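Dropping a structure here in structure tokens format, bear with me for questions.
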Amino acid sequence: AIAAHASRAKRKVAWIHRRGGKGWFALHEGLAAFQQCLMRAPDEELVPGFHAWTVAPAFPQARQSENELEAFIPSWARPSETAWDRSRGHSKAEHTFTLLGSALRREGLWEIKSADAPEALQTVGLDFLHVQECQDIEEEAFAKLEPTLDSPNRLGLSVWEGIPPDDPNHWFSRLFHSAMEDRSGYSQAFRLPYTENKDLSPAVKRQIEARQEVMLEREWRRMYMVELAMGSGSFLGAVDSCISPLPVLKEPEKEHRYVMGIDVAKKVDFTVITIMDACHRRLAWERRFGNMDWVVQEEAIKEAAALFRVSRIKMDSTGVGDPLFDRLRYAGLPVQPFLFTNESKYQLLTSLAVGIEKRHISYPAIPLMLRELKALRAVKLPGGGSRIEAGAGHDDYAMSLALAFSLCDPAEYGAEAWKGMKAVRKMEAIDTTRPGGIVVARNPVLSGWREARAEKLREERIKELELAGILT
């Protein structure tokens, strides 16, 4: 940060790890630009005397920057409170801050802007521009922002900050590499992975490293090592790396447990049934069909569940899937609902992506399924979230596979965790013809891996206490 603050480059492009102080860096750069303006008389009258923007992908993401400006703009730079105005120049409705001028300059203005509507970024001349989370901002907004730095008598200073985008052709990636190669002194690039941040405590660094276990490796490296992601382009990553030469099964293998995922057809989609070996996390059987009567679909699901003696079923219960779910539940199948929303779908497919990246799942080379898996893309939403879109037109295979995979055993415990372990309990299906009748799984649901995980965590905690000298 010291080197970045000391740089005399007018355009500073920073790749800084998550929670690495990007906003603080830009805030102090802006305040330094403000002080520089106060001491410099313009060649012509400027209104406002100092003009700055902070631009975020959307207003929810800009809220933290607005709060930091409220807290850390120096008192001498803000208007005094009056009996009828206690805002001290901060208009929360307009997301603006009025700053006091000097003998050489009129009063200044610092505005908070959103990039989700690029047409609203009217061309003005700026002394300072702070663009935050650039990796989430579209090219059209970038094209609107660049000319704001070219106005005569304005400083034209800027800070462009964020983490590396997931697309190497994104404008922020091009801007960063252009700044790296600039020899004119106008632009300079800065990169700060968490390993080089001296302000992070050892405890925080351990927390960051622990997230490798639950995050996609490429996403973790992008967010914390600030490395440009170089993947297949699919949200799920290297789909082909998990292809197995083993074919689908015609019947279950002895002493193997199976789980089922069902994605139910909508108007133009297909119903897909996926059965996986719960312990080995291998796709064992699948069926895809469309334009089929509900009764026929129900019978096909019941037949497959009976053939493989599935212990658990997770299915889409959104919209048209809800009646089918009720029919299967009343038939006594061990089915549990899954309601699809943008957030739940994103989390479900992220878990599948982690499984693919860590090779914790395998499946035969089913061409249609592979095409759907490879075509999935993450699209940024205006509010800052993400939505998964099916580039191939359908995502039925992907969702069915993800539902089944979510029921499989964690990879860290494997087949050995089940040896010698008994079922917690076995219960028969309750008579659903009675009022309030509830269906439970007819087959035993084993919980050996949970016991193994608890024992592992207990051993790790004992070691920590011993190292701390609490236990001897």
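These numbers come from a predicted model, not from an experiment.
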Would you confirm whether His177, through its side chain, and Ser173, through its main-chain N or O, come within 3.5 Å as a donor-acceptor pair?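 At least one qualifying donor-acceptor pair exists.
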Could you walk me through whether Arg288 and Thr271 pass the side-chain contact (heavy atoms from CB on, under 4.5 Å) test, one step at a time? CA-CA 6 Å; Arg288 178 180 186 262; Thr271 291; over 6 Å; no
Determine, stepwise, if the pair Arg40 / Leu155 fulfils side-chain contact (heavy atoms from CB on, under 4.5 Å). CA-CA 10 Å; Arg40 173 180 166 183; Leu155 294 181; 2.7 Å; yes
Taking all atoms of both residues into account, what is the closest heavy-atom pair of Ala238 and Ile356, and its distance?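 Distance-wise, the nearest heavy atoms are O-CG2, 3.5 Å.
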After noting the C-alpha distance and the side-chain angles of Leu109 and Leu99, does the key distance pass the side-chain contact (heavy atoms from CB on, under 4.5 Å) rule? CA-CA 6 Å; Leu109 180 66; Leu99 306 176; over 6 Å; no
Electrostatic pair Asp182-Arg11, nearest N-O below 4.0 angstrom: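 So Asp182 does not pair with Arg11 through a salt bridge.
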Which heavy atom in Leu403 sits nearest to a heavy atom in Asp263, and how many Å separate them?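 So the minimum-distance heavy-atom pair works out to CD1-N, 4.5 Å.
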What distance separates Leu129 CG from Leu157 CG, expressed to the nearest 0.5 Å?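 Those atoms lie 10.0 Å apart.
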Is there a side-chain contact between Val259 and Ile313, using heavy atoms and a 4.5 Å cut-off?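 With C-beta onward as the side chain, the pair stays apart.
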Has the side chain of Arg312 got a donor or acceptor atom that lies under 3.5 Å from a matching backbone atom of Leu407?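 Yes, because the side chain of Arg312 sits within donor-acceptor range (under 3.5 Å) of the backbone of Leu407.
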Euclidean distance, Arg222 CZ relative to Met215 CE, rounded to 0.5 Å: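 Rounded to the nearest 0.5 Å, the CE-CZ separation comes to 8.5 Å.
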Using 0.5 Å steps for rounding, measure from the CE atom of Met399 to the CG atom of Asp396.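 Spacing of CE (Met399) from CG (Asp396) equals 9.5 Å.
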For Leu46 and Asn153, work out which heavy atoms get closest and say how close.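 In this case the closest contact between Leu46 and Asn153 is CD1-O, 3.4 Å.
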Between Arg191 (side chain) and Val226 (backbone), is there a donor-acceptor pair under 3.5 Å?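 Yes; at least one donor-acceptor contact below 3.5 Å.
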Among Thr98, Asp127, Thr54, whose side-chain hydrogen bond (donor to acceptor under 3.5 Å, both in side chains) with Trp110 holds?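 The passing option is Thr54.
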Taking atom CD of Glu94 as the centre, does the number of heavy atoms from other residues, nucleotides or ligands within less than 6.0 Å exceed 12?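 Count not over threshold, so no.
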Between Thr274 and Ser400, do the side chains contain a donor N or O and an acceptor N or O under 3.5 Å apart?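 Per modelled atom types, Ser400 and Thr274 side chains form a pair under 3.5 Å.
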Check whether any side-chain heavy atom of Asp395 sits under 4.5 Å from a side-chain heavy atom of Leu373, and report yes or no.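 No; the side chains remain at least 4.5 Å from each other.
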Kindly write out the residues that satisfy ring pair (Phe, Tyr, Trp, His ring centres under 6.0 Å) with Tyr363, not counting sequence neighbours, or none if the list is empty.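 None.
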Is the terminal nitrogen or CZ of Arg377 (NZ for Lys, CZ for Arg) located under 6.0 angstrom from the six-membered ring centre of Phe235 and within 45° of that ring's axis?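 No, Arg377 does not sit over the ring of Phe235.
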Please examine the side chains of Leu348 and Phe405, heavy atoms only from C-beta on, and report whether any two atoms are closer than 4.5 Å.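 SC-SC contact between Phe405 and Leu348 ruled out.
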Taking all atoms of both residues into account, what is the closest heavy-atom pair of Ala278 and Cys408, and its distance?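 Here Ala278 and Cys408 meet closest at O-CB, 3.5 Å.
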Taking the side chain as every heavy atom from C-beta outward, state whether Glu161 and His130 have any pair of such atoms under 4.5 Å apart.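 In short, these two side chains touch, coming nearer than 4.5 Å.
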Does a salt bridge link Arg387 with Glu389, judged by any charged N lying under 4.0 Å from a carboxylate O?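 Yes, charged N to carboxylate O under 4.0 Å.
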Ring centroid separation Trp15 to Phe190 under 6.0 Å: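 No.
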Hey, are Lys10 and Ser158 close enough side-chain-wise for a donor-acceptor pair under 3.5 Å?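 Lys10 and Ser158 do not have a side-chain donor-acceptor pair below 3.5 Å.
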Does the side chain of Glu139 come under 3.5 Å of the side chain of His170 through a donor N or O and an acceptor N or O?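 There is no such pair between these side chains.
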Output yes when Glu209 and Arg206 qualify as a salt bridge under the 4.0 Å nitrogen-oxygen rule, no when they do not.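 No, this pair does not count.
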Shortest non-hydrogen separation from Gly20 to Asn197 and the atoms involved: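 Here Gly20 and Asn197 meet closest at O-ND2, 3.8 Å.
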For Arg78, what residues pass the side chain to side chain contact (heavy atoms under 4.5 Å, CB included) criterion, not counting sequence neighbours?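 Checked Arg78 against side chain to side chain contact (heavy atoms under 4.5 Å, CB included); matches are Glu70, Ile73, Arg88, His90, Phe97.
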Main chain of Pro164, side chain of Glu227: is a donor-acceptor contact present, judged purely on distance under 3.5 Å?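 Side chain of Glu227 to backbone of Pro164: no pair is present.
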Inter-residue atom distance Asp316.CG - Leu339.CG, 0.5 Å rounding: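 Interatomic distance, Asp316 CG to Leu339 CG, rounded to 0.5 Å: 8.0 Å.
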Less than 4.5 Å apart, side chain to side chain, heavy atoms only: is that true for Phe172 and Val131?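 With C-beta onward as the side chain, the pair stays apart.
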Is there a side-chain contact between Leu376 and Leu349 in this structure, where contact means two heavy atoms from C-beta onward sitting under 4.5 Å apart?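 The answer is yes; the side chains approach within 4.5 Å.
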Closest non-hydrogen atom pair between Ile16 and Ile163, with its separation: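 Between these two residues, the closest heavy atoms are O-CG2, 3.4 Å.
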Reported CG-to-CD distance for the pair Leu145 and Glu140, which is rounded to 0.5 angstrom: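 Taking CG in Leu145 and CD in Glu140, the distance rounds to 11.0 Å.
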Please assess Tyr397 against Leu370 for the test side-chain contact (heavy atoms from CB on, under 4.5 Å), listing each intermediate value before the final yes or no. CA-CA 9 Å; Tyr397 264 119; Leu370 294 177; over 6 Å; no
Quick one: sort the His5 and Phe25 rings into parallel, tilted or perpendicular, breaks at 30° and 60°.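 It falls in the tilted class, 30° to 60°.
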Return yes if some donor-acceptor pair links the side-chain N/O of Gln135 with the main-chain N/O of Gly162 below 3.5 Å, else return no.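 No, Gln135 side chain to Gly162 backbone: no donor-acceptor pair under 3.5 Å.
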Run the salt-bridge test on Glu66 and Lys92 with the 4.0 Å N-O cut-off and return the result as yes or no.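 A salt bridge is absent here (no side-chain N lies under 4.0 Å from a carboxylate O).
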Side-chain donor/acceptor of Lys113 to backbone N/O of Phe59, under 3.5 Å: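 Between the backbone of Phe59 and the side chain of Lys113 there is no qualifying donor-acceptor contact (under 3.5 Å).
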Taking the side chain as every heavy atom from C-beta outward, state whether His394 and Phe270 have any pair of such atoms under 4.5 Å apart.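 Yes. Closest side-chain heavy atoms under 4.5 Å.
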Surrounding CZ of Arg174 (heavy atoms of other residues, nucleotides or ligands, distance under 6.0 Å), is the total greater than 12?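 Counting other residues, nucleotides and ligands, CZ of Arg174 exceeds 12 neighbours.
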A side-chain contact here means heavy atoms from C-beta on lying under 4.5 Å apart; do Glu357 and Leu236 qualify?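 Not in contact.
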If you count every heavy atom of other residues, nucleotides or ligands that lies below 6.0 Å from Glu343 atom CD, does the total exceed 12?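 Not buried by this count: 12 neighbours or fewer within 6.0 Å.
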Over 60° means perpendicular and under 30° means parallel, so classify the ring planes of Tyr224 and Tyr194, tilted if in between.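 The rings of Tyr194 and Tyr224 stand perpendicular, inter-plane angle above 60°.
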Exercise: do Trp53 and Glu111 side chains pair donor with acceptor under 3.5 Å: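 Their side chains do contain a donor-acceptor pair, which is all the 3.5 Å distance test asks for.
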ring-ring contact (aromatic ring centres under 6.0 Å, His included) partners of residues 131-151, not counting sequence neighbours, each pair once: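 Residue pairs with at least one partner in residues 131-151: Phe142-Trp160, Phe142-Trp171.
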Keeping Ser351 on the side-chain end and Gln347 on the backbone end, is there a donor-acceptor pair under 3.5 Å?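 Yes; judged by distance alone, with no hydrogens or angles, the pair exists.
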Could you check whether any side-chain N or O of Ser7 sits under 3.5 Å from a backbone N or O of Ala4, counting only pairs where one atom can act as donor and the other as acceptor?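 Checked: no pair found.
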With rounding to the nearest 0.5 Å, note down the distance linking CE in Met225 to NE2 in His17.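 Atom-to-atom, Met225:CE and His17:NE2 are 10.5 Å apart.
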Main-chain N/O of Glu181 paired with Arg183 side-chain donor or acceptor, under 3.5 Å: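 Indeed, once roles are kept as given, a pair shorter than 3.5 Å links the two residues.
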Salt bridge or not between Glu133 and Arg18? Use side-chain N to carboxylate O under 4.0 Å.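 Looking at Glu133 and Arg18, the cut-off is met.
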Does the Ser102 side chain pair with the main chain of Leu38, one donor and one acceptor, at a distance under 3.5 Å?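 A pair under 3.5 Å: yes.
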